[in-house]
Amino acid sequence: MKAPPRLQSLIEEGLIDTVVRQLMSGKEAMVFVVRCGDETRCAKIYKEATHRSFRQAVDYTENRKVKNSRSARAMAKGSKFGRQEQEAAWQSAEVDALYRLAAAGVRVPQPYNFHDGVLLMELVTDAHGDAAPRLNDVRFTPEDARTHHATLVAEVVRMLCAGVVHGDLSEFNILLAHLPGTEGEEAGHDGPVIIDLPQAVDAAGNNHAQRMLLRDVANLRDFFGQFAPELRTTQYGPEIWSLYQSGLLTNETPLSGVYAPDHVDVDMQAVLREIDDARDEDAARRLRMAAG
């Protein structure tokens with residue numbers, strides 16, 4: 001097929017040879033199957049901010065670091081240059097997360113290059129070499145549902161131990177791929193691959209990380225619970241976050257799916273005193289403003 005304008009520069013740079021076909025078009029990006037020498041890969045073209053439905057919510061961008069101080073100031077002011085820099089930072093967040101998670105052993109597509117707003121990465125395939133389906137397009141037996149759920153909970157833990165929370169994990173951004181076999185598994189096996197990471201957040205530096213992780217794990221529970229109903233009562237999310245906060249979470253930490261929160265008696269008198277103090281401070285502030 002004719003190469004889209006956004007991919008032409010990659011052809012000119014020799015990063016890709018030909019464009020095979022469009023794979024998908026989503027709210028954030030368009031993905032094309034491309035040929036690079038003897039390999040088939042995919043090219044993800046990020047849509048411009050004005051053409052995207054997803055909002056770069058402050059919940060996701062909170063505490064993201066920008067190395068260039070000029071860029072940081074411009075982004076804070078909201079200037080045209082600042083908006084351009086914010087868009088570039090948003091796009092590169094997925095690239096950074098992919099490299100970070102791949103190094104940590106999380107099963108994500110291997111990134112190869114990022115050029116002019118286009119991410120060149122591994123094409124995740126099924127046993128026939130075709131593009132792997134998303135989980136929401138697959139029906140599972142109870143046994144397979146339990147297996148894939150356990151695998152993905154372990155991947156969430158591995159991501160968290162690497163300091164990353166996906167932030168939008170669900171059956172719509174997990175592929176069921178044919179993974180290479182290990183020793184004793186020469187034929188390989190089907191397993192999940194996590195995709196779509198531009199909204200990934202820093203677990204330690206984002207105040208919303210806990211809420212996002214709990215939502216990610218709940219999404220997995222609810223999806224696989226359709227096929228294995230006993231999963232619906234599990235509490236892996238709170239258990240994982242509690243272990244993480246306590247500094248006890250590792251990739252090998254055994255999980256039970258059971259969570260009993262600690263109940264601490266609330267000192268109501270102390271709470272009321274805080275409220276009274278806040279009211280007094282507000283009244284004093286209003287008096288100072290009236291006097292000025």
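The analysis underlying the following values was restricted to heavy atoms, covering all of them including side chains, and did not include hydrogens, waters or symmetry mates.
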Going through the distances and angles, do Ser9 and Val118 end up as a side chain to side chain contact (heavy atoms under 4.5 Å, CB included)?
CA-CA 10 Å; Ser9 62; Val118 179; over 6 Å; no
For Val34 and Ile11, run side chain to side chain contact (heavy atoms under 4.5 Å, CB included): C-alpha distance rounded to whole Å, both residues' side-chain angles, the deciding distance at 0.1 Å, then the answer.
CA-CA 10 Å; Val34 299; Ile11 294 176; over 6 Å; no
Audit row: Leu119, Leu98, side chain to side chain contact (heavy atoms under 4.5 Å, CB included) steps and yes/no
CA-CA 11 Å; Leu119 172 60; Leu98 283 173; 3.7 Å; yes
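Counting only heavy atoms from C-beta outward, the side chains of Leu101 and Val164 approach each other to under 4.5 Å. Within the 4.5 Å cutoff, the side chain of Val33 has heavy atoms near those of the Leu123 side chain. Residues Cys161 and Thr253 form no side-chain contact, since every pair of their non-hydrogen atoms from C-beta on lies 4.5 Å or further apart. Counting heavy atoms from C-beta on, the side chains of Val165 and His208 never come closer than 4.5 Å. At least one side-chain heavy atom of Pro238 sits under 4.5 Å from a side-chain heavy atom of Leu214. Side-chain contact between Gln226 and Glu171 is absent, with no heavy-atom pair separated by less than 4.5 Å.
Distance check, rounded to the nearest 0.5 Å: CG of Leu255 to CD1 of Ile240 gives 5.5 Å. Separation of atoms CG (Leu220) and OG1 (Thr234) is listed at 9.5 Å; rounding is to 0.5 Å. The CD atom of Gln235 sits 12.0 Å away from the OG atom of Ser242 when rounded to the nearest 0.5 Å. Expressed to the nearest 0.5 Å, how far CZ of Phe223 lies from CD1 of Ile174 amounts to 8.5 Å. Leu175 CG to Leu135 CG: the interatomic distance, rounded to the nearest 0.5 Å, is 7.5 Å. Remark: Arg100 CZ to Leu197 CG distance equals 11.5 Å, nearest 0.5 Å.
In terms of modelled atom types and a separation under 3.5 Å, the side chain of Asp190 and the main chain of Leu176 share no donor-acceptor contact. Between the Arg215 side chain and the Gly167 main chain, a donor and an acceptor come within less than 3.5 Å of each other. Between the Arg221 side chain and the Phe224 main chain, no donor and acceptor come within less than 3.5 Å of each other. The closest donor-acceptor contact from the side chain of Asp216 to the backbone of Val156 lies at 3.5 Å or more, if one exists at all. When atom types are taken as modelled, the side chain of Asp96 and the backbone of Ala93 share no donor-acceptor pair closer than 3.5 angstrom. Side chain of Ser246 to backbone of Leu248: no donor-acceptor contact under 3.5 angstrom is found. Not a single donor-acceptor pair under 3.5 Å links the side chain of His166 to the backbone N or O of Met212.
Considering only residues two or more places apart in sequence or on other chains, Ser25 meets the side chain to side chain donor-acceptor pair (under 3.5 Å) condition with none of them.
Considering every non-hydrogen atom in both Ala203 and Ala209, the closest pair reads O-CB, 3.5 Å. The heavy-atom pair separating Asp126 from His178 by the smallest distance is C-CB, 3.5 Å. Heavy-atom minimum distance, Arg134 versus Ile195: NH1-CD1, 3.8 Å. Of all heavy-atom pairs between Leu179 and Gly191, the closest is CD1-CA, 3.7 Å. Here the shortest heavy-atom pairing between Gln8 and Ala3 reads OE1-CB, 3.8 Å.
Aromatic ring orientation, Phe227 versus Phe140: perpendicular (interplanar angle above 60°, classes split at 30° and 60°).
Residues Leu152 and Leu160 fall within the same hydrophobic cluster, defined by Ile, Leu, Val, Met, Phe, Trp and Tyr side chains chained together at heavy-atom separations under 4.5 Å. By the criterion of side-chain heavy atoms lying less than 4.5 angstrom apart, applied directly or through intervening Ile, Leu, Val, Met, Phe, Trp or Tyr residues, Val153 is grouped together with Leu243 in one hydrophobic cluster. Residues Met30 and Val124 fall into different hydrophobic clusters, defined by Ile, Leu, Val, Met, Phe, Trp and Tyr side chains chained together at heavy-atom separations under 4.5 Å. Using a 4.5 Å cut-off between side-chain heavy atoms of Ile, Leu, Val, Met, Phe, Trp and Tyr, with links allowed through other members, Leu120 and Val20 fall into different hydrophobic clusters. There is a path of hydrophobic side-chain contacts, each under 4.5 Å, that joins Leu169 to Tyr244.
The stretch residues 1-24 participates, sequence neighbours left out, in no salt bridge (charged side-chain N to carboxylate O under 4.0 Å, His left out) pair at all.
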Scan the side chains in residues 106-115 for donor-acceptor partners under 3.5 Å anywhere in the protein, sequence neighbours excluded, and list what turns up.
{"unit_1": "Arg107", "atom_1": "NH2", "unit_2": "Glu122", "atom_2": "OE2", "d": "3.0"}

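One finds no salt bridge joining Glu143 and Arg146 here, because no Lys/Arg side-chain nitrogen approaches an Asp/Glu carboxylate oxygen to under 4.0 Å.
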